[in-house]
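Note: hydrogens, waters and symmetry copies are ignored here, and every other heavy atom, side chains too, is used. Note that ligands are numbered from 1 as they come in the structure, with each ligand's atoms numbered from 1 the same way.
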Amino acid sequence: MQITQSTQLFSRAQQRIPGGVNSPVRAFKSVNMTPLFIAQGLGSKLFDKDGNECIDYVGSWGPMILGHANPEVVRKLEETLRNGTSFGAPTEGEILLAEMICEAVPSVEMIRLVNSGSEAAMGVLRVARGYTGRDKIIKFEGCYHGSVDPLLVKAGSGAMTLGIPDSPGVPASFVEHTLQAKFNDLDSVIRLAEDNTQDIAAIILEPVAGNMGMIPPEHGFLQGLRDLCDREGILLIFDEVMTGFRVDFGGAQALFGIVPDLSIFGKVIGGGLPVGAYGGRQDIMLQVAPAGPVYQAGTLSGNPLAVTAGLTTLEILKEQNPYPDLGQKTAWLCGELASAAESAGIQIQTKSMGGMFGYFFAENTVSNFQEALNSDTEIFTRFFQNMLREGIYLPPSAFESHFVSTAHTDEDLEKTAAAFRKALKEV
Ligand SMILES: *Cc1c(COP(=O)(O)O)cnc(C)c1O
């Protein structure tokens with residue numbers, strides 16, 4: 001694989017952009033490589049500046065569930081573009097997107113659009129604290145909720161890959177209200193709740209963890225959290241930025257049948273443009289300004305282009321219901337991966353759900369952050385490099401979920417499975 005152009009661009013980028021990238025995991029640091037600079041995305045494929053063609057399983061880290069440059073999304077964007085790109089005044093599209101999300105996710109009765117998942121996390125914490133009058137929150141080790149000060153504690157992939165679980169620049173006093181529990185360990189949460197009774201505003205989690213590798217909730221874990229929250233007057237917040245409209249049209253909460261008080265979204269709901277959202281129970285959301293006193297605002301929030309890309313994506317998903325099909329694709333890939341690993345004498349644990357899948361090079365099932373950290377990242381690095389050589393673009397970190405789109409064809413999947421065998425044989 002020739003990467004002359006990408007290598008040159010990366011050197012140039014590093015002169016003006018810290019680390020040469022605008023978001024850390026893009027730098028390919030943890031896989032001992034330098035990043036490909038992308039020239040074009042089309043369907044399931046990425047084309048880099050050197051003309052290499054890859055089958056893409058990153059999908060912009062989740063949003064591109066319809067593949068790149070979906071013709072219908074592009075057409076609607078072109079239409080919107082001609083009418084102006086930002087007004088700082090309300091538009092009808094914002095209502096349509098809000099209605100679409102509320103209809104798909106019944107726990108969301110009202111919703112506020114923002115520009116990223118991080119911003120949604122910031123907003124949802126503020127309204128949870130404003131509503132309950134309590135300061136403390138519980139998060140889980142290895143769950144990521146964006147680059148938000150009080151949540152940048154044991155925050156999964158990005159920080160984890162670089163070995164800086166707690167970032168400099170986050171004052172200790174900013175995280176003193178953040179309590180850490182262990183994913184899939186209900187007792188660890190109950191203990192924290194009992195030690196801090198009447199002080200905890202919210203429990204926030206990824207209902208299916210996707211940022212420490214992919215770790216589904218064990219049976220009874222989410223229900224246990226729901227019951228605990230009901231007993232203690234704590235708000236349950238599902239971070240569905242990754243899982244929303246990805247594992248199912250109604251998100252992980254639909255799959256597991258658990259009703260959170262608040263949810264946050266991003267990624268798929270923006271269809272590849274910058275969108276985030278937080279929403280939930282009406283009585284809580286009515287606390288948000290200007291309906292209520294909890295302030296939150298954004299110049300570009302509900303941006304017409306972003307809303308158009310998101311709405312068009314959700315309309316197509318609603319009409320096509322691709323989730324059973326996506327689920328079959330990811331399950332098939334996991335099966336092929338597991339069998340390739342077995343042939344190569346390598347231990348692997350795979351998981352898939354709707355349009356996402358993940359795996360750990362580990363002997364036993366991985367159910368929390370510590371177990372994820374104990375997986376074999378050196379095998380992953382060599383596996384990643386071999387796969388890229390075969391034209392398969394995987395997330396450049398052992399702690400990321402993989403995404404399949406409706407644009408991935410049987411031929412793409414067959415090619416990927418063949419690459420699994422070759423790549424694992426040679427690690
Ligand atoms: C990506 C992600 C975020 C952050 O969203 P940004 O748009 O990158 O700010 C938050 N939570 C989860 C679960 C995510 O996967």
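- Note on ligand 1: Glu240 sits outside its first shell, no heavy atom being nearer than 4.0 Å.
- Backbone and side-chain nitrogen or oxygen atoms of Glu119 are examined, and none is located within less than 3.5 angstrom of a nitrogen or oxygen of ligand 1.
- Using cut-offs of 30° and 60° for the angle between ring planes, the Phe140 and Phe221 rings count as perpendicular.
- Using cut-offs of 30° and 60° for the angle between ring planes, the Tyr359 and Phe380 rings count as tilted.
- The shortest N or O to N or O distance between Asn211 and ligand 1 is below 3.5 Å.
- Two residues are said to be in side-chain contact when any heavy atoms from C-beta on lie closer than 4.5 Å; Tyr131 and Asp283 meet this criterion.
- For the residue pair Glu240/Gln253, the side-chain donor-acceptor check at 3.5 Å is satisfied.
- Of the candidates Lys267, Glu206, His145, Arg246, the one placing a heavy atom closest to atom 1 (C) of ligand 1 is Lys267.
- For atom 7 (O) of ligand 1, the closest non-hydrogen atom of the protein is Gly117 N, 2.8 Å.
- Atoms of ligand 1 lying under 4.0 Å from at least one heavy atom of Ser116, given by number and element, are 7 (O), 9 (O).
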**Derivation and outcome, ring pair (Phe, Tyr, Trp, His ring centres under 6.0 Å), residues Phe383 and Phe361** = CA-CA 10 Å; Phe383 174 63; Phe361 290 104; 5.6 Å; yes
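- The aromatic ring centroids of Phe28 and Phe384 lie less than 6.0 Å from each other.
- Listed by number with element, the atoms of ligand 1 under 4.0 angstrom from any heavy atom of Met242 are 15 (O).
- Note on ring orientation: taking the six-membered ring where Trp is involved, the planes of Phe245 and Phe249 are perpendicular (angle over 60°, cut-offs 30° and 60°).
- Residue Asp239 has at least one heavy-atom neighbour below 4.0 Å for each of these atoms of ligand 1: 10 (C), 11 (N), 12 (C), 13 (C).
- Among protein heavy atoms, the minimum distance from atom 3 (C) of ligand 1 is reached at Val241 CG1, 3.7 Å.
- With a 4.0 Å heavy-atom cut-off, ligand 1 is reached by no atom of Ile264.
- Nearest protein neighbour of atom 8 (O) of ligand 1, counting heavy atoms only, is Ser118 OG, 4.4 Å.
- Looking only at side-chain heavy atoms (C-beta outward), Asp48 and Cys54 stay at 4.5 Å or farther from each other.
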